[in-house]
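Heads up, the thing below is written out as structure tokens.
In each ligand, atom 1 is the first atom listed, and ligand 1 is the first ligand listed. The shown structure was predicted, so the numbers you read here are calculated from the model rather than taken from an experiment.
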Amino acid sequence: MSITVVVVGATGNVGREILNILFDRKFPVKNIAAVASRKSLGKEVSYGDKNIRVEDIESFDFRQWQIALFAIGSNATQKYAPIAAKSGCLVIDNSSFYRYDPLVPLIVPEVNAQEISNCNNKGIIANPNCSTAQMVVALKPLHVRAKIKRVVVSTYQSVSGAGKEAMDELWLQTKGIFVPGQEVSPRVFTKQIAFNVIPHIDKFLSDGQTKEEWKMAAETKKILDPSIKVTATCVRVPVFVGHAEAINIEFEKFLDEDEARKILRKSPGILVVDKKEDGGYISPTECVGDYATFISRIRQDATLESGLNIWCVSDNLRKGAALNAVQIAELYLEKIEELKRK
Ligand SMILES: NC(=O)c1ccc[n+]([C@@H]2O[C@H](COP(=O)([O-])OP(=O)(O)OC[C@H]3O[C@@H](n4cnc5c(N)ncnc54)[C@H](OP(=O)(O)O)[C@@H]3O)[C@@H](O)[C@H]2O)c1
């Protein structure tokens, strides 16, 4: 079976990666379209060895298309996703706009693939935040074994998580620091990002946490288990691609680090690299272009009756966005094929 696919936001960081991954995973594409804002009309994006001309979302007719993978901001999603869904085109959305809507499934296929059965509620499926996606992949198998009570996470998030303009800001600011007269003031970020770290992602909420920190808790509850308590500190670091997370996990049942390592080694989407020696762990630059969520530094937290610390690294443009969206499309295809067989 092959299927017609639109990539919305095809000129952006996530959109371009969606096109690469659809091709790379041999997603059965019958026809493919690339859509972005009017300013990109006529630009070309690559899909395998082909170039596709970008179309303007304003005049795009979704009626001929079966799946739309959206990778645009929340405001534009709010406007265009319902148009696509009403045209009978299943929307898989990367923005945060629909994630907390109780009628919209929020899916990480390694964790809650069964939620695909709710895809017709609104004709929209949400993709989680990049930092949540990799964390729940790591938490799920440990939760099944020992029931997680509480998670304390600190993130080290790359600038690509804030879009292509944020990557330009890091690049130009880093170069400009060494060239008198070419200094670049912060514009996308609130403070200098070159040679710095910024403990602030998304807007501040009334209780002092940021929306990004709130999202990690709310999305973990929706995807994995509402009883899990999550407290997060989200930090932007001067890395182009790849998010890292230091995760402290408290369990209800006892789980030792050797068993946790064995469980994680067997779990879908995870690669354990944990040698307890110089360089025997994964850092963000090593995960770029990979599909896996890498787990390193697995160790007991001796301050808890049952607790572990882990280091979790993944390509935020892949598992954190494009790969997860394509995996959802693959799940949807399986569902259609299953229905046909019945
Ligand atoms: N980057 C990540 O790690 C990540 C992870 C999870 C989720 N997300 C979410 O994914 C979405 C895309 O992020 P990104 O990092 O790819 O951003 P990006 O690099 O800034 O790209 C934004 C894309 O949206 C398009 N766009 C902007 N305004 C539009 C409009 N009014 N109508 C149609 N298209 C419009 C842009 O087209 P033009 O080039 O024509 O302006 C571009 O293709 C965001 O909602 C983001 O929050 C990102």
Side-chain angles (χ1 to χ4, degrees), residues 6-21 33-46 52-60 62 68-84 91-99 106-108 124-136 155-170 187-189 201-203 211-212 215-216 219 223 234 236-237 239-245 284 287-289 313-328:
V6 191
V7 178
V8 181
T11 53
N13 275 342
V14 176
R16 278 180 284 132
E17 207 57 37
I18 289 174
L19 287 162
N20 291 338
I21 292 173
V35 171
S37 77
R38 179 157 299 166
K39 81 169 199 261
S40 297
L41 181 67
K43 276 188 189 164
E44 291 192 335
V45 288
S46 332
I52 314 175
R53 208 167 274 277
V54 176
E55 298 178 58
D56 174 12
I57 194 163
E58 203 58 59
S59 53
F60 190 79
F62 285 94
L69 294 144
F70 268 61
I72 57 179
S74 281
N75 290 342
T77 300
Q78 181 179 13
K79 180 170 176 193
Y80 296 108
I83 297 175
V91 172
I92 300 172
D93 178 35
N94 278 284
S95 83
S96 59
F97 188 73
Y98 287 102
R99 288 182 197 151
L106 177 63
I107 299 181
V108 174
I124 298 173
I125 300 174
N127 217 24
N129 183 255
C130 38
S131 35
T132 310
Q134 68 184 66
M135 184 170 81
V136 293
T155 69
Y156 305 73
Q157 296 180 226
S158 67
V159 294
S160 57
K164 54 190 177 183
E165 287 176 19
M167 296 177 83
D168 292 343
E169 184 158 309
L170 172 60
R187 204 177 52 79
V188 177
F189 298 109
I201 300 179
D202 209 334
K203 63 184 181 192
K211 184 89 186 277
E212 186 83 352
K215 282 177 199 167
M216 288 194 80
E219 293 177 21
I223 298 165
C234 293
R236 191 70 73 189
V237 296
V239 167
F240 282 112
V241 180
H243 286 1
E245 298 172 345
C287 77
V288 178
V313 174
S314 197
D315 181 330
N316 54 293
L317 299 177
R318 292 203 153 206
K319 188 59 199 167
L323 170 64
N324 200 68
V326 173
Q327 286 178 297
I328 294 172

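When each atom of ligand 1 is checked for a heavy atom of Ile57 under 4.0 Å away, the hits are 32 (N), 33 (C). Which parts of ligand 1 touch Gly73 is read off a 4.0 Å heavy-atom cut-off, strictly below it: atoms 45 (O). When each atom of ligand 1 is checked for a heavy atom of Ser40 under 4.0 Å away, the hits are 38 (P), 39 (O), 40 (O). Shown in contact with Gly320 at under 4.0 Å from a heavy atom are these atoms of ligand 1, numbered in order with element: 5 (C), 6 (C). Each of the atoms 36 (C), 37 (O), 38 (P), 39 (O), 40 (O), 42 (C), 43 (O) of ligand 1 lies under 4.0 Å from some heavy atom of Thr11.
Within a 4.0 Å radius of atom 2 (C) of ligand 1, the protein has at least one heavy atom. At a distance under 4.0 Å, a protein heavy atom can be found next to atom 23 (C) of ligand 1. Within the 4.0 Å cut-off (strictly below), no protein heavy atom is located near atom 47 (O) of ligand 1.
Shortest contact from atom 12 (C) of ligand 1 to any protein heavy atom: Ala71 O, 3.3 Å. Of all protein heavy atoms, the one lying nearest to atom 15 (O) of ligand 1 is Gly163 CA, 3.4 Å. For atom 29 (C) of ligand 1, the closest heavy atom belonging to the protein is Ser37 CB, 3.9 Å. Here the protein heavy atom with the shortest distance to atom 9 (C) of ligand 1 is Asn94 O, 3.4 Å. The nearest protein atom to atom 19 (O) of ligand 1, hydrogens excluded, is given as Asn13 N, 2.9 Å; this is a heavy-atom distance.
Residues Gln78 and Tyr98 have side chains that never bring a donor and an acceptor to within less than 3.5 angstrom of each other. For the residue pair Asn13 and Ser160, no side-chain donor N or O sits within less than 3.5 Å of a side-chain acceptor on the partner.
When Asp56, Val14, Ile72, Val45 are checked for heavy-atom proximity to atom 25 (C) of ligand 1, Ile72 turns out nearest. Here atom 41 (O) of ligand 1 lies nearest to Lys39 when heavy atoms of Arg16, Lys39, Arg38, Lys164 are compared. Between atom 30 (C) of ligand 1 and the options Ala76, Gly9, Ser74, the minimum heavy-atom separation is to Ala76.
The CG atom of Leu106 sits 7.5 Å away from atom CZ of Arg99, with the distance rounded to the nearest 0.5 Å. Annotation: the span from Asn127 atom CG to Asp93 atom CG amounts to 8.0 Å, rounded to 0.5 Å.
Contact annotation: Leu317 has at least one heavy atom less than 4.0 Å from an atom of ligand 1.
Residue Lys43 places no N or O, backbone or side chain, under 3.5 Å from any N or O of ligand 1. Annotation: Asn316 places an N or O atom under 3.5 Å from an N or O atom of ligand 1; distance criterion only. For ligand 1, the polar-atom distance check against Arg99 finds no nitrogen or oxygen pair separated by under 3.5 Å. At under 3.5 Å, a nitrogen or oxygen of Gly12, whether backbone or side chain, sits near a nitrogen or oxygen of ligand 1.
In this structure the side chain of Gln134 never reaches within 4.5 angstrom of the side chain of Arg318, judged on heavy atoms. Side-chain contact check for Arg236 versus Glu212: every heavy-atom pair is 4.5 Å or farther apart.
None of Leu323, Leu317, Asn324 except one satisfies the side-chain contact (heavy atoms from CB on, under 4.5 Å) rule with Ile21; the exception is Leu323. Checked options Ile72, Val6, Leu41, Ile83; the residue passing with Ile57 is Ile72 (criterion: side-chain contact (heavy atoms from CB on, under 4.5 Å)).
Using a 4.0 Å cut-off between heavy atoms, Ser160 contacts ligand 1 through its backbone alone, with no side-chain atom that close.
Residue Leu19 comes nearest to Ser46 through the heavy atom pair CB-O, 3.7 Å, listed as atom of the first residue, atom of the second, then distance. Nearest heavy-atom pair, Val313 versus Cys287, reported as atom, atom and distance to 0.1 Å: CG1-SG, 3.7 Å. Between Ile18 and Val7, the shortest heavy-atom distance links the atoms CG2-CG2, 3.9 Å.
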Report the C-alpha separation of Thr132 and Glu219 in whole Å, then their side-chain angles, then the decisive distance to 0.1 Å, and conclude whether the side chain to side chain donor-acceptor pair (under 3.5 Å) test is met.
CA-CA 7 Å; Thr132 310; Glu219 293 177 21; 3.2 Å; yes
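The environment of CD in Glu44 is crowded: more than 12 heavy-atom neighbours from other residues, nucleotides or ligands sit within 6.0 Å.
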